[in-house]
Amino acid sequence: MEPRERMALSPRNGRGRFRLRLAYKLHEITRGGRDMANQKERYEDSRLYRIRHSAAHVMAQAVLELFPEAKYTIGPPIENGFYYDFDLPRPLTPEDLEKIEKRMREIIAGKHDFVKKVVSADEARRIFKDQPYKLELIDGLEQGGYDEYGNPLDEKPEISIYQHDTFVDLCRGPHVSNTAEINPDAIKLMKVAGAYWRGDEKRPMLQRIYGTAWENTQQLEEYLHRLEEAKRRDHRRLGKELDLFSTSEEVGAGLILWHPKGGLVRHLAEEFCKQEHLANGYDFVYTPHIGRSHLWETSGHLKWYQENMYAPMTIDEDKYYIKPMNCPFHIMIYKSKIRSYRDLPMRLAEWGTVYRYERSGVLHGLLRVRGFTQDDAHLFCRPDQMPEEIDRVLNFCLHILRGFGMTEFHAYLSTRDPEKSAGDEERWEQATEALRAALERAGLPYDVDEGGAAFYGPKIDLKMIDALDREWQLSTIQFDFNLPERFDLTYVGEDGQPHRPYMIHRALLGSMERFMGVLIEHYAGAFPVWLAPVQAVLIPIADRHLDYAHKVAEQLRTEGLRVEVDERSERMNSKIRDAEMQKIPYMLIVGDREAEAGKVALRLRSGENPGPMPIAEFIARAKRDIEARV
RNA sequence: GCCGACGUAGCUCAAUCGGCAGAGCACCCGCCUUGUAAGCGGGCGGUUACGGGUUCGAUUCCCGUCGUCGGCUCCA
């Protein structure tokens with residue numbers, strides 16, 4: 001699976017979500033639709049699902065033949081393929097994978113029927129008497145509590161086994177009827193990875209083999225091509241090629257260095273957002289990067305979030321922590337004086353840089369880092385203002401994302417988990433309904449993550465779908481019923497009495513680092529003109545055109561365009577090639593004819609060639625494109 | 001953090017069994033003065049991630065650290 005798919009699929013609340021997402025993604029690919037209804041059934045009923053499930057069994061047979069002492073566990077179909085987890089005597093090598101794949105083709109060619117048989121738990125135990133993982137699964141099935149992924153089951157399932165050739169597996173199916181239905185030229189083993197038994201890091205680490213399977217070779221080729229395409233657009237590769245950012249072993253893992261070009265794109269993105277914030281009733285604040293331990297005790301971070309916080313430093317015998325969040329500081333601004341109901345709503349915004357400890361293995365380019373800047377804001381309002389405030393912030397969020405050309409969203413509404421929730425139930429109810437109503441009014445399709453909210457409040461998460469049909473969470477709008485209590489936030493109402501305000505935490509782009517990563521991939525590095533670090537490059541054909549090129553460049557700069565002159569003593573063709581690879585929107589070729597006529601010959605990075613035009617005409621065109629944010 | 005793979009020039013990658021560390025691109029210099037995706041020649045560039053071990057000799061084999069990649073786990 002590609003990294004972003006992994007991120008997108010990464011479940012918040014256990015395996016059920018994961019499997020639902022798989023079905024969802026497949027549905028998108030085959031139908032192009034985004035309706036979430038009944039998709040689980042659709043994938044599980046599909047021919048591809050049966051092919052992949054059956055390929056997993058065939059693979060398990062091949063692995064068991066290679067390692068007779070192997071213990072096998074589970075092997076479900078997933079998006080784009082399947083996997084199977086094994087407990088093996090030694091690590092698998094790439095050569096093993098080749099051998100296994102070759103043997104799979106032989107087994108398929110044997111045209112074996114898949115035969116289902118329903119058995120009792122005791123029969124199953126006899127069949128799998130040497131397979132401890134299977135025995136554990138059988139126990140789970142017999143008790144009727146959980147399926148093989150650990151999901152609770154409504155009713156006690158029947159226990160069935162499937163056999164083909166020499167291989168028997170505990171399995172509820174479905175499968176194809178004969179191995180001949182698996183196209184041997186449309187399967188491929190992709191990689192080996194470690195995976196904990198039942199996803200529990202305290203349990204044994206198994207070896208997972210990932211494979212892909214399709215109905216025909218063309219589909220397989222298309223899938224492999226999609227993976228190549230994804231690699232080409234990978235923000236880590238483009239970050240290097242376009243000189244946008246880097247990391248350094250010397251500085252430390254998960255800490256980003258923004259280079260001039262990446263820094264400029266980020267600056268432009270931030271400027272746009274800040275202008276919009278000012279135009280939408282936000283006030284900007286600035287707060288420190290560290291705070292005394294007492295603050296974090298009050299906020300509860302030391303109790304609940306400490307494992308993500310860095311060790312404190314001592315200043316004048318006091319402990320100070322680097323901030324993992326901005327909220328306590330904004331709250332202190334709120335608390336700096338007595339607030340009247342007339343002061344509300346207050347919208348305190350800050351591009352706040354936070355540092356969080358992330359386990360080394362999860363760091364990933366710009367998308368998972370240890371230091372990042374949130375476009376953070378905290379909204380404080382009265383109960384009567386709350387519904388409108390939610391409406392406003394959601395629409396503002398959509399406005400901002402659309403400003404970056406991101407037009408497809410998927411929203412998730414996470415609701416209260418009665419087992420763990422702070423604050424009174426009535427407020428939860430009101431808040432959840434306000435969120436729901438705002439989603440409805442905005443006309444956004446959304447999924448409800450029942451019980452998926454954090455203990456302190458319900459929330460909306462907005463995920464963005466990029467050009468490669470992958471989903472990313474950027475925006476979050478969260479109620480917080482915990483911090484106002486902890487910090488005893490109040491405002492004086494019309495009645496002269498203190499009241500508790502609603503507090504809403506929101507980040508629209510999420511973090512600048514992650515957003516930039518998504519943005520780079522969304523445009524495959526070809527930023528719209530308004531964001532492009534270099535908007536136009538002047539390409540003189542011969543050295544004698546340098547003066548004219550510089551003159552034009554100056555003229556364009558006075559119009560506010562970001563322009564460079566390629567002065568190198570290279571062929572024009574070479575300069576064009578380099579400009580295209582740098583994904584510069586406008587190439588302006590100037591030779592004798594242009595210098596003579598006061599024109600520039602425009603070429604676009606798409607290869608399109610509008611040709612010679614007066615300078616004023618080009619300026620008008622560029623300004624039009626910038627205005628339109630294309 | 002866990003499993004596995006990897007780390008050689010700014011970038012992409014070679015280097016047979018343990019035997020003088022290489023190529024292309026980039027960069028610098030020179031020639032060419034160019035019409036819509038790479039002109040030609042020359043030069044510079046290395047503590048082979050870092051530390052230790054084995055060996056006459058280590059990019060190569062072993063151990064540790066750091067980092068990267070793919071997963072898993074985690075994600076207030």
Side-chain angles (χ1 to χ4, degrees), chain A residues 1-3 5-7 9-13 83 85 87-88 90-94 190-210 231 234 236-237 240-241 243 246-255 299-309 324-325 327 354 356-365 368 420 422 453-457 459 473 476 478 480 482-483 505 539-546 568-581 587-594 601-605 607-612:
Chain A
M1 230 180 283
E2 279 303 293
E5 289 171 323
R6 178 181 64 77
M7 300 287 291
L9 292 169
S10 168
R12 244 196 69 84
N13 292 310
Y83 68 80
D85 287 346
D87 193 343
L88 298 175
R90 66 165 173 83
L92 288 165
T93 64
M190 305 298 284
K191 60 200 165 205
V192 185
Y196 300 109
W197 169 235
R198 299 209 133 169
D200 184 344
E201 65 181 313
K202 290 179 194 68
R203 310 201 66 182
M205 173 69 73
L206 307 167
Q207 293 190 65
R208 172 172 299 177
I209 306 176
Y210 282 98
K231 232 182 261 177
D234 192 310
R236 293 166 299 182
R237 173 205 280 246
K240 209 177 271 179
E241 285 175 2
D243 199 14
S246 64
T247 56
S248 155
E249 208 172 312
E250 304 270 308
V251 176
L255 303 169
S299 70
H301 284 92
L302 283 181
K303 182 163 182 204
W304 300 102
Y305 202 65
Q306 189 161 30
E307 61 186 31
N308 283 290
M309 293 170 68
M325 295 189 192
C327 2
V354 297
R356 299 180 184 174
Y357 173 73
E358 298 282 359
R359 301 218 255 180
S360 59
V362 305
L363 299 173
H364 182 90
R368 194 71 183 272
K420 48 176 181 96
F455 78 87
Y456 50 80
K459 62 172 179 171
Q473 180 180 328
T476 186
Q478 295 187 218
D480 194 322
N482 184 46
L483 291 180
H505 169 108
I539 299 180
I541 289 176
D543 288 351
R544 66 175 176 280
H545 309 120
L546 269 172
R568 294 172 307 159
S569 165
E570 287 288 343
R571 295 288 186 281
M572 176 198 68
N573 277 347
S574 167
K575 295 179 186 179
I576 287 175
R577 181 168 189 271
D578 290 341
E580 293 225 348
M581 293 202 304
M587 283 158 271
L588 303 173
I589 290 120
V590 292
D592 290 333
R593 297 201 290 270
E594 287 74 19
L602 174 64
R603 180 191 165 106
L604 307 178
R605 57 192 162 187
E608 212 180 320
N609 195 1

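Within every chain, numbering begins at 1; the chains are lettered A, B, ... in the order of the sequence lines, protein sequences first and strands thereafter. All heavy atoms count here, side chains included; hydrogens, waters and symmetry mates do not.
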Given B:rG1, B:rU36, B:rC72, identify the nucleotide with an atom nearest to the side chain of A:Ile589. B:rU36
What contact category does A:Thr247 fall into here, base, sugar-phosphate, or nothing, at under 4.0 angstrom with non-hydrogen atoms? nothing
Residue matched to B:rA21 through Watson-Crick or wobble contacts both under 3.5 angstrom: none
Between the base of B:rU33 and the side chain of A:Asp543, is there a donor-acceptor distance below 3.5 Å? yes
With the side chain defined as heavy atoms from C-beta on, A:Ala253 is closest, among B:rU68, B:rA38, B:rU36, to B:rU68
Enter the distance from A:His301:NE2 to A:Met325:CE here, rounded to the nearest 0.5 Å. 4.0 Å
Ranking B:rC72, B:rG35, B:rA38 by distance to the side chain of A:Asn573, first place goes to B:rA38
Please give the nucleotide sitting opposite B:rG45 as a Watson-Crick or G-U wobble pair, both distances under 3.5 Å, or none. none
Ion pair present between A:Asp234 and A:Arg236, side-chain N to carboxylate O less than 4.0 angstrom? yes
In whole Å, what separates the C1' atom of B:rA15 from that of B:rU59? 9 Å
Rounded to the nearest Å, what distance is computed from the CG atom of residue A:Asp243 to the P atom of nucleotide B:rC25? 20 Å
Mind checking if A:Arg593 touches a base, just sugar-phosphate, or nothing, with heavy atoms under 4.0 Å? base
Does A:Glu250 contact B:rG67 through a side-chain donor or acceptor facing the base, at a distance under 3.5 Å? no
Base, sugar-phosphate, or nothing: which does A:Lys240 touch, judged by heavy atoms less than 4.0 Å apart? sugar-phosphate
A:Arg236 has its side chain closest, among B:rG1, B:rC69, B:rG35, to B:rC69
Which nucleotide in the set B:rU36, B:rC72, B:rU33 lies at the smallest distance from any side-chain heavy atom of A:Ile576? B:rU36
Is A:Met325 touching bases, backbone alone, or none of the nucleic acid, heavy atoms closer than 4.0 Å? sugar-phosphate
Would you mind telling me which of B:rC74, B:rC72, B:rA38 lies closest to the side-chain atoms of A:Ala195? B:rC72
Spacing between A:Gln478 atom CD and B:rC75 atom C1', to the nearest angstrom: 12 Å
What about A:Arg603: does its side chain form a donor-acceptor pair under 3.5 Å with the base of B:rA37? yes
Of all the choices, B:rG35, B:rA38, B:rG1, which nucleotide is nearest to the side chain of A:Tyr357 once you look at every atom? B:rG1
Watson-Crick or G-U wobble mate for B:rC6, both contacts under 3.5 Å: B:rG67
When all nucleic acid strands are considered with a 4.0 Å heavy-atom cut-off, which category describes A:Ala579: base, sugar-phosphate, or nothing? nothing
Quiz item: A:Tyr196 side-chain donor-acceptor pair to B:rG1 base, under 3.5 Å: yes
According to the Watson-Crick and G-U wobble definitions, with both distances under 3.5 Å, which nucleotide is paired to B:rU60? none
Taking the nucleotide of RNA chain B with the nearest heavy atom to each, does A:Pro540 or A:Glu580 sit closer to the 5' end? A:Pro540
In Watson-Crick or G-U wobble terms, both distances under 3.5 Å, what is the partner of B:rC72? B:rG1
Tell me what A:Asp592 touches on the nucleic acid: a base, only sugar-phosphate, or nothing, going by heavy atoms under 4.0 Å. base
Counting distance alone, no hydrogens or angles: does the base of B:rC32 have a donor or acceptor under 3.5 Å from a partner atom on the side chain of A:Arg571? yes
A:Arg577 with A:Glu570: basic N within carboxylate O range, under 4.0 Å: no
Rounded to whole Å, please give me the gap between CZ in A:Arg90 and C1' in B:rA5. 15 Å
With a 4.0 Å cut-off on heavy atoms, is A:Ser360 in touch with a base, just the backbone sugar-phosphate, or nothing at all? base
Given B:rA37, B:rC74, B:rC2, which nucleotide is nearest the side-chain atoms of A:Met205? B:rC2
Distance-only donor-acceptor check, side chains A:Ser248 and A:Glu250, under 3.5 Å: no
Between P of B:rU34 and CZ of A:Arg568, the distance in whole Å: 18 Å
Picking from B:rG70, B:rG39, B:rA49, the nucleotide nearest the side-chain atoms of A:Glu249 would be B:rA49
Just how far is it from atom OH of A:Tyr196 to atom CZ of A:Arg203, taken to the nearest 0.5 Å? 13.5 Å
